[in-house]
Every structure is written in structure tokens, then in C-alpha cells.
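Heads up, the thing below is written out as C-alpha cells.
Since we're looking at a predicted model, the values are computed, not measured. Below, chains carry the letters A, B, ... as their sequence lines are ordered, and counting in each starts from 1.
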There are 2 protein chains.
Amino acid sequence: MAQKNILKYIILGLLNREDLAGYDIKKLFEEELGDFWYSNHSQIYPELRRMEDDGLISSRTELVGKKLEKKFYQITKDGQKLLSAWMDESLNPLVPTRDEFTMKLYLLDSADHPLVTRLFQEEIARHEEKYQYLQTRWQLLFADESEQQKHFGHRCILEQAILREKQRLDWLHRELKKIKKTN
Amino acid sequence: MAQKNILKYIILGLLNREDLAGYDIKKLFEEELGDFWYSNHSQIYPELRRMEDDGLISSRTELVGKKLEKKFYQITKDGQKLLSAWMDESLNPLVPTRDEFTMKLYLLDSADHPLVTRLFQEEIARHEEKYQYLQTRWQLLFADESEQQKHFGHRCILEQAILREKQRLDWLHRELKKIKKTN
DNA sequence: TTTGGCATGTAAGCCGTTACATGATTTA
DNA sequence: TAAATCATGTAACGGCTTACATGCCAAA
């Protein structure tokens with residue numbers, strides 16, 4: 001059984017707000033949700049088909065231009081029932097994070113190891129980049145105060161992601177300083 | 001290809017410090033590393049076998065009691081080479097977190113929804129429990145100052161995990177307060 | 001003597017990634 | 001008109017979880 005198929009419920013949740021095509025869902029993951037959930041299109045399309053077979057969603061086709069077909073899905077009554085059951089359910093157990101940086105640090109097993117500094121610098125650089133990107137995005141989307149109240153969910157995710165990066169960076173810088181002192 | 005087989009390198013890193021049996025590795029994941037890496041024993045044992053077939057590790061058997069056999073693995077020269085190559089390599093791209101709580105919150109799409117408060121309370125409760133557990137563990141292991149200098153890696157992981165839980169809890173409490181005000 | 005922990009495996013199957021594949025539309 | 005983006009799929013495979021399975025040892 002492996003993990004619960006949570007993607008299914010997330011798709012239901014998205015379709016519960018508006019009709020979407022597979023491509024739209026993919027875009028949402030890339031541009032809005034990706035920091036807390038992500039699926040590739042190669043997982044999305046087959047899932048949509050299965051969900052339609054199961055009667056959780058239905059589809060209609062619209063033309064883009066003259067030939068290109070876009071398949072919009074809408075949630076059904078059954079889908080809504082299943083969605084609200086999931087919403088009512090208690091959360092699944094926390095899955096353990098898998099953090100390659102921390103494991104490397106753990107395995108070096110000493111603050112003196114010559115690789116430690118480089119490891120920190122690499123981790124700092126990648127989080128710095130991400131942090132900058134997220135900040136730019138926030139400016140773009142929510143700097144205008146009239147937008148503050150709208151997009152509750154989107155803002156919630158983006159701000160959480162920004163905070164997470166900031167806290168990570170702070171910790172990394174603190175630890176690196178400590179390490180440099182002892183050497 | 002999916003993900004890189006990082007478990008392999010972690011096992012190598014562990015065996016590079018001391019000989020271990022599969023069960024010992026399992027125990028390490030459960031008691032020491034679990035917050036930043038975890039694998040089930042059903043993944044560990046076959047992996048060890050493959051690694052031995054590939055000449056990265058070798059094994060010897062010791063008796064526990066009169067009949068029970070325990071298979072200790074040690075790292076080979078080839079294993080050490082591969083380990084140090086991995087250590088020198090740059091980190092793999094960050095994998096996106098999958099966070100069911102945040103997705104549910106996102107999908108409720110409003111601070112007013114009756115489920116929001118319950119959702120927060122549930123998330124707070126589970127992180128509170130974890131936080132308490134981790135704190136107890138720190139006390140147990142590192143309260144004695146003579147232990148402070150030892151176990152660099154273990155302490156690093158435990159303290160990181162504690163900080164993460166604390167920051168998460170702080171955020172949850174802050175947001176919950178905000179939400180209650182607007183209602 | 002029973003219970004819990006030690007110790008090592010195998011099998012089925014889902015989740016997710018990577019790669020393969022194709023074609024239309026829009027934009028620079 | 002070329003490049004980027006829109007749009008939808010399939011195939012192969014590895015990682016990981018869950019469940020099945022067995023037996024020994026130590027401690028209460």
C-alpha cells in the first residue's frame with residue numbers, strides 16, 4: 001500500500017474551487033504550491049484519468065486555437081464527498097525528512113574536518129538563492145496592499161516558505177561562525 | 001532512475017566509523033538519525049547484500065548467545081573510495097517537502113472556515129508531543145556537560161530537530177492567534 | 001515462563017522520477 | 001520563422017512502505 005495517495009485529494013481540493021485541466025494543475029504545483037507539494041505531469045495525467053474512471057471527477061473538452069484540445073475536469077458529488085471526508089480525517093503521520101546536507105555533516109563527525117566549511121557554504125548558497133527568489137516573488141504578488149486580503153492560501157504558503165528559508169539560513173550562519181571559532 | 005540511492009552512501013559513512021550489523025543501522029535510524037534520515041529494515045538488509053556483492057563492504061558473522069548469528073559489515077577500500085567521492089560531490093537538488101497540513105490549510109482557502117481551528121490544534125498537538133520528546137532526549141544525553149564535546153554529529157541532529165520543532169510551534173501559535181482575532 | 005527486544009530476511013505494490021513522444025500555439 | 005510555451009500522454013524503473021515470516025535471547 002505504501003503511502004496514501006494524497007495527490008488525489010489535493011486534486012479534488014483544487015477542482016473544488018474551479019475547473020482545471022491537467023496542465024493547469026501542473027502549473028499550480030510549479031508556481032504556487034511547489035514548496036509544500038509537488039507532482040510531475042507524468043503523475044498528474046494518469047491520476048486524473050483514474051479519478052474520472054472512479055467517478056470522482058468528470059471532464060469536458062475545450063478548443064484552444066483551431067486544433068489543440070484542452071481537457072477541463074470538474075468535481076462530482078462523489079468527489080466532493082470524498083474530499084470532505086479527507087478534510088475531516090486527522091492528518092497522516094509526519095513523514096521523516098531526508099536531508100542530505102545534515103547527513104553529510106553528521107558523518108564528517110567533527111567541526112574540524114576540512115570539508116565542513118565547503119559543505120556549509122554550498123548549503124548556504126542554495127538556500128540564499130531560494131530565499132531571494134521567494135522574496136522577489138512575494139514583492140511581485142503581494143507588495144500591493146490591495147492584494148493582501150486576497151489569495152489567503154497562496155500567501156500562506158509563500159510566507160511559510162520564506163520564513164523557513166530565513167530560519168534555515170540563520171541557523172547555518174550561526175553554526176558556521178561557531179565552527180570557525182573553534183578552529 | 002528515480003532518486004539517487006543515498007542510503008548506500010549513508011551506510012558507507014556509518015561503516016566508515018565502525019563495523020555494524022543491519023540491526024545496528026536500523027537502530028541508529030530509529031534512535032539517532034531518524035529526524036533527518038530514515039530507512040526501514042526491509043530496505044537496509046537487501047541494500048547491504050547488494051553492497052557486499054558490489055565489493056563496497058564485507059561481512060563477518062558473530063554469535064550472540066549460542067545460536068543467533070549477527071552479521072557485521074565493514075567497509076572496503078572500494079567502499080571508502082566511493083564514500084569519499086560522494087562526500088566531495090556537491091549536494092543533490094533539494095527535494096520538495098510534502099506537507100499535508102499546509103495543503104489542507106491552503107485548500108480551505110480562508111481563515112474563517114470552521115475546520116481551520118481544529119486543523120491547527122491537531123498540528124500543534126503532534127508537534128508539541130514531538131518537541132517534548134526531543135527535549136527529554138536531549139536532557140538524557142547531553143545535560144551532563146562532560147558529554148557536550150562528544151557526539152558532535154548526534155548532538156547536531158538532535159539540536160537541529162529541536163529548533164525546527166520550536167520554530168514550527170511558534171509559527172503555528174502566531175498564526176492561530178491571528179486567525180482567532182479576525183473571527 | 002512469558003513478554004519484549006534482538007536479529008535477519010522476503011514479497012507485493014504503490015509513489016514518484018526520468019525519459020520518451022508528439023503536436024499546436026503564441027511570442028519575440 | 002524560430003524559440004518558448006501550451007497541452008497531453010506513455011514507459012521503465014528505482015525507492016520506499018507495508019506486510020509477511022522466522023527464530024533466538026534476556027529480563028521480569
Side-chain angles (χ1 to χ4, degrees), chain A residues 1-11 19-31 33-34 36-54 57 59-73 92-98 100 103, chain B residues 1-11 19-31 33-34 37-54 57 59-73 92-100 103:
Chain A
M1 294 155 201
Q3 243 124 255
K4 299 257 173 72
N5 184 0
I6 295 182
L7 173 60
K8 177 164 74 176
Y9 302 103
I10 291 174
I11 290 176
D19 296 357
L20 294 168
Y23 193 80
D24 301 325
I25 294 174
K26 166 189 125 91
K27 276 291 179 188
L28 276 172
F29 283 134
E30 283 171 0
E31 294 168 2
L33 314 175
F36 292 91
W37 205 277
Y38 186 81
S39 292
N40 295 294
H41 80 273
S42 56
Q43 200 182 355
I44 295 168
Y45 288 114
E47 187 59 49
L48 284 167
R49 160 131 342 179
R50 272 193 300 275
M51 289 167 71
E52 189 173 19
D53 291 346
D54 295 346
I57 57 179
S59 66
R60 84 192 124 80
T61 300
E62 283 183 17
L63 273 180
V64 179
K66 305 231 155 159
K67 287 182 168 181
L68 189 57
E69 295 192 333
K70 191 169 175 175
K71 203 154 141 200
F72 283 90
Y73 289 92
N92 287 299
L94 290 163
V95 285
T97 8
R98 286 185 164 90
E100 199 187 1
M103 288 314 296
Chain B
M1 306 183 177
Q3 241 122 257
K4 298 255 173 72
N5 184 0
I6 295 181
L7 173 60
K8 177 163 76 177
Y9 302 104
I10 291 173
I11 290 176
D19 297 357
L20 294 169
Y23 194 81
D24 301 325
I25 294 173
K26 166 189 123 91
K27 276 291 178 188
L28 276 171
F29 284 134
E30 283 171 1
E31 293 167 2
L33 315 175
W37 205 275
Y38 186 81
S39 293
N40 295 294
H41 79 274
S42 56
Q43 199 183 354
I44 295 167
Y45 287 115
E47 187 60 49
L48 284 168
R49 160 128 345 173
R50 272 193 300 275
M51 289 167 73
E52 189 173 19
D53 291 346
D54 295 345
I57 57 179
S59 65
R60 83 193 125 80
T61 299
E62 283 184 17
L63 274 180
V64 178
K66 306 232 152 152
K67 287 183 169 181
L68 188 58
E69 295 192 332
K70 192 171 174 174
K71 203 155 142 200
F72 283 89
Y73 290 92
N92 286 298
L94 289 164
V95 284
T97 13
R98 287 186 164 90
D99 183 330
E100 199 188 359
M103 288 313 296

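Contact annotation: K66(B) does not reach the phosphate of dC25(D) (side-chain N/O to OP1 or OP2, under 4.0 Å).
When distances are taken from the side chain of R98(A) to each of dT17(D), dT8(C), dT25(C), the shortest belongs to dT17(D). Distances from the side chain of K67(B) to the nucleotides dG9(C), dT25(C), dC25(D) place dC25(D) closest. Considering only side-chain atoms of Y23(B), the nucleotide from dT8(C), dA7(D), dT18(D) that sits closest is dT8(C).
Rounded to whole angstrom, the span from the NZ atom of K71(B) across to the C1' atom of dG23(D) amounts to 16 Å. The CG-C1' distance, from L68(B) to dG5(C), rounds to 11 Å in whole Å. Spacing between atom NZ of K8(A) and atom P of dC14(C) amounts to 12 Å, rounded to whole angstrom units. If you measure from atom NZ of K4(A) to atom C1' of dT18(D), you get 12 Å, rounded to the nearest angstrom. Separating the NZ atom of K26(A) from the C1' atom of dG9(D) is a distance of 13 Å, rounded to the nearest angstrom. For N40(B) and dA7(C), the CG to P distance is 18 Å, given to the nearest whole Å. Straight-line distance from the CG atom of L63(B) to the P atom of dA7(C): 12 Å, rounded to whole Å. As rounded to whole Å, 12 Å separates atom P of dC15(C) from atom CD1 of I11(A).
Between the side chain of E100(A) and the backbone N or O of N92(B) there is at least one donor-acceptor pair closer than 3.5 Å.
E62(A) places a side-chain heavy atom less than 4.5 Å from the side chain of R60(A). No side-chain heavy atom of T61(B) sits under 4.5 Å from any side-chain heavy atom of K70(B). Inter-residue side-chain proximity for Q43(A) and L7(A) is flagged as met; some heavy-atom pair is nearer than 4.5 Å.
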Using the rule given for side-chain contact (heavy atoms from CB on, under 4.5 Å), can you reason through Y38(A) versus E30(A), listing the C-alpha separation, both sets of side-chain angles and the distance that settles it, and then say yes or no? CA-CA 7 Å; Y38(A) 186 81; E30(A) 283 171 0; 4.1 Å; yes

Chi angles and distances behind the side-chain contact (heavy atoms from CB on, under 4.5 Å) call for M51(A), I11(A): CA-CA 10 Å; M51(A) 289 167 71; I11(A) 290 176; 3.7 Å; yes

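Residues from residues 41-51 of chain A with heavy atoms under 4.0 angstrom of DNA chain D, sorted by number: H41(A), S42(A), Y45(A), R49(A).
A distance of 10.0 Å separates CD1 in I44(B) from CD in E47(B), rounded to the nearest 0.5 Å.
Each of G22(B) and V95(B) was matched to the nucleotide of DNA chain C holding its nearest heavy atom; the match closer to the 5' end belongs to G22(B).
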